[in-house]
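Heads up: the structure comes next, in structure tokens.
Every number for a ligand or one of its atoms is a count from 1 in the order of the listing. Both backbone and side-chain heavy atoms feed into the values below; hydrogens, waters and symmetry mates do not.
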Amino acid sequence: MAAPLVDSFGRVHRDLRISVTDRCNFRCTYCMPAEGLEWVPRHDLLTFEEIARVARIMVERYGVDGIRLTGGEPTVRANLPVLVKMLSELGTDLALTTNGVSLPLLAAELHAAGLRRVNVSCDSLRPERFAELTRRDGLTRVLEGIDAAVAAGFDPVKVNCVVMRGVNDDEIADFVDFGRSRGVEVRFIEFMPLDADGIWNNDLVVPVDEILAGVNRACPVAPVERTSAPATRYRFADGSGSVGIVASVSDSFCSTCDRVRLTADGQFRNCLFAVTETDVRALLRSGAGDDEIAAAVGESVASKWAGHQINRVHFVRPRRSMSQIGG
Ligand code: SAM
Ligand code: SF4
């Protein structure tokens with residue numbers, strides 16, 4: 001019988017996010033600098049076998065029941081479907097967060113390998129703005145990727161949109177229409193201080209109330225009962241679909257957080273905003289047994305803080321940015 005992975009505040013952690021690479025074929029302004037970042041050397045990346053071993057320990061020892069692959073851009077890691085197949089054998093819910101650009105090629109293969117849910121990031125439906133935001137001319141391909149995911153049978157397909165004041169906050173209604181017409185759930189996300197360029201400031205954050213007002217203007221919604229998921233979900237009053245808002249800054253969901261993270265270079269993090277990490281790669285490569293690895297993970301979670309301190313005097317920005325941590 002698996003023991004739960006509990007911290008000192010009684011929060012049980014069942015959701016493991018695995019970054020499979022820190023590399024990316026986009027350079028989103030709110031995430032990465034134009035010139036990219038210094039990539040982790042290949043031999044420092046966990047192998048598929050190492051990733052699968054950590055995941056198995058988390059499932060067997062701690063009852064982790066949800067795994068999400070992320071990055072960087074997970075689809076730039078060669079042979080991703082092979083890893084999906086290995087992880088699908090653990091029997092957990094298995095999901096992917098991607099910029100979508102490779103989905104026209106990969107969606108069917110990933111689904112066949114056992115992936116069931118996919119989130120595609122898209123922050124503008126206007127080609128020129130999309131190109132400015134991602135520093136790549138890729139909107140058509142991303143929209144094809146969303147269609148390919150739906151056609152391959154992923155359920156649900158969600159679209160992540162980071163809302164930034166004066167950048168794309170005039171597109172909330174367009175995204176509502178887009179989600180409803182394509183049968184996908186759009187999740188609006190508040191901009192977090194995890195960009196590599198340090199452009200974040202609170203004036204750029206469009207808080208949940210404002211996003212919700214924009215959604216309601218486009219189409220009235222009613223709240224759906226809250227779960228441990230970070231998004232507050234709303235159902236359209238006319239019954240055709242739903243929308244989510246991730247109020248990571250203005251109304252943080254830390255008190256119900258059930259997530260832990262493994263970076264592409266094998267560092268275990270108990271919080272997106274953690275300033276310390278546990279070196280699981282060193283354990284894996286020094287012959288540590290499952291007990292030792294499970295104990296290190298357990299200790300990290302036991303010491304998890306109550307929540308991030310964004311906009312408070314105590315807030316310390318993590319050394320690594322979103323694409324290096326795994327969003
Ligand atoms: N490359 C994939 C993608 O873009 O979906 C996966 C990695 S990306 C880091 C994961 C998620 O983090 C994306 O939905 C992205 O929009 C979001 N993200 C990146 N930087 C962010 C920031 N500073 N604030 C809020 N969300 C951010
Ligand atoms: Fe790449 Fe995703 Fe970051 Fe954009 S948000 S630069 S697609 S990792």
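Between atom 12 (O) of ligand 1 and the options Arg23, Gln324, Met322, the minimum heavy-atom separation is to Met322. Considering each of Ser121, Gly326, Ser19, Gly71, the one bringing a non-hydrogen atom nearest atom 4 (O) of ligand 1 is Ser121.
In the vicinity of Asn160, heavy-atom distances shorter than 4.0 Å reach the ligand 1 atoms 14 (O). Heavy-atom contacts of Asn99 reach the following atoms of ligand 1: 2 (C), 3 (C), 5 (O) (cutoff under 4.0 Å). The distance from ligand 1 to the heavy atoms of Phe191 drops below 4.0 Å at these ligand atoms: 22 (C), 23 (N), 24 (N). Every atom of ligand 1 is numbered from 1 in the order shown, and the set under 4.0 Å from a heavy atom of Thr98 is 2 (C), 3 (C), 5 (O). Here is the list of ligand 1 atoms found below 4.0 Å of a heavy atom in Glu73: 1 (N), 2 (C). Under a 4.0 Å criterion applied to the non-hydrogen atoms of Glu190, ligand 1 contributes the atoms 25 (C). Annotation for ligand 1: atoms under 4.0 Å from non-hydrogen atoms of Thr70 are 6 (C), 7 (C).
Of the N or O atoms in Met192, one or more lie within a sub-3.5 Å distance of an N or O in ligand 1. Checking only distances, Ser323 never comes within under 3.5 Å of ligand 1, N or O to N or O.
Taking the ring axis of Tyr62 as reference, the NZ or CZ atom of Arg14 does not stay both within 45° of it and closer than 6.0 Å to the ring centre.
Under the rule for a side chain to side chain donor-acceptor pair (under 3.5 Å), the partners of Glu171 that lie at least two apart in sequence or sit in another chain are Ser124, Arg129.
When non-hydrogen atoms are compared, ligand 1 lies under 4.0 Å from neither the backbone nor the side chain of Asp123. At a 4.0 Å heavy-atom cut-off, ligand 1 touches Thr97 through backbone and side chain alike.
Using a distance-only test at 3.5 Å, with no hydrogens or angles considered, a donor-acceptor pair links the side chain of Asn270 to the main chain of Ser300. Not a single donor-acceptor pair under 3.5 Å links the side chain of His13 to the backbone N or O of Asp258. No donor-acceptor pair under 3.5 Å is formed between the side chain of Asn25 and the backbone N or O of Glu73. In this structure, His43 contributes its side chain and Pro41 its backbone to no donor-acceptor pair below 3.5 Å. Side-chain N or O atoms of Arg259 include none that pairs as donor or acceptor with a backbone N or O of Arg17 at under 3.5 Å.
Within a 6.0 Å sphere centred on CD of Glu35, other residues, nucleotides and ligands contribute more than 12 heavy atoms.
With respect to atom 10 (C) of ligand 1, the closest heavy atom belonging to the protein is Gly327 CA, 3.7 Å. At the top of the distance list for atom 16 (O) of ligand 1, counting protein heavy atoms only, stands Tyr30 OH, 3.1 Å. With hydrogens left out, the protein atom closest to atom 26 (N) of ligand 1 is Val162 CG2, 3.5 Å, a heavy atom.
Under 4.0 Å is where a charged nitrogen must lie from a carboxylate oxygen, and between Arg27 and Asp197 no such pair does. A salt bridge is absent between Arg56 and Glu89; no separation between the charged side-chain nitrogens and carboxylate oxygens falls under 4.0 Å. Between Arg320 and Asp265 there is a salt bridge, since at least one side-chain N of the basic residue sits less than 4.0 Å from a carboxylate O of the acidic one.
For atom 1 (Fe) of ligand 2, protein N, O or S atoms closer than 2.8 Å were enumerated as Cys24 SG, with waters left out.
Interatomic distance, OG of Ser19 versus CG of Leu69, reported as 9.5 Å (0.5 Å rounding).
Within the structure, side chain to side chain donor-acceptor pair (under 3.5 Å) pairs that include any residue of residues 107-118 comprise Asp93-Arg117, His111-Arg116 (at least two apart or interchain).
Residue Gly72 places a heavy atom less than 4.0 Å from ligand 1.
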Under 3.5 Å, which donor-acceptor pairs do the side chains of residues 186-194 form with other protein atoms, sequence neighbours left out?
from   : atom 1 : to     : atom 2 : distance (Å)
Arg187 : NE     : Asn160 : OD1    : 3.1
Glu190 : OE1    : Val249 : N      : 2.8
Glu190 : OE1    : Ser250 : N      : 2.7
Glu190 : OE1    : Ser250 : OG     : 3.4
Glu190 : OE2    : Val208 : N      : 2.8
Glu190 : OE2    : Ser250 : OG     : 2.5

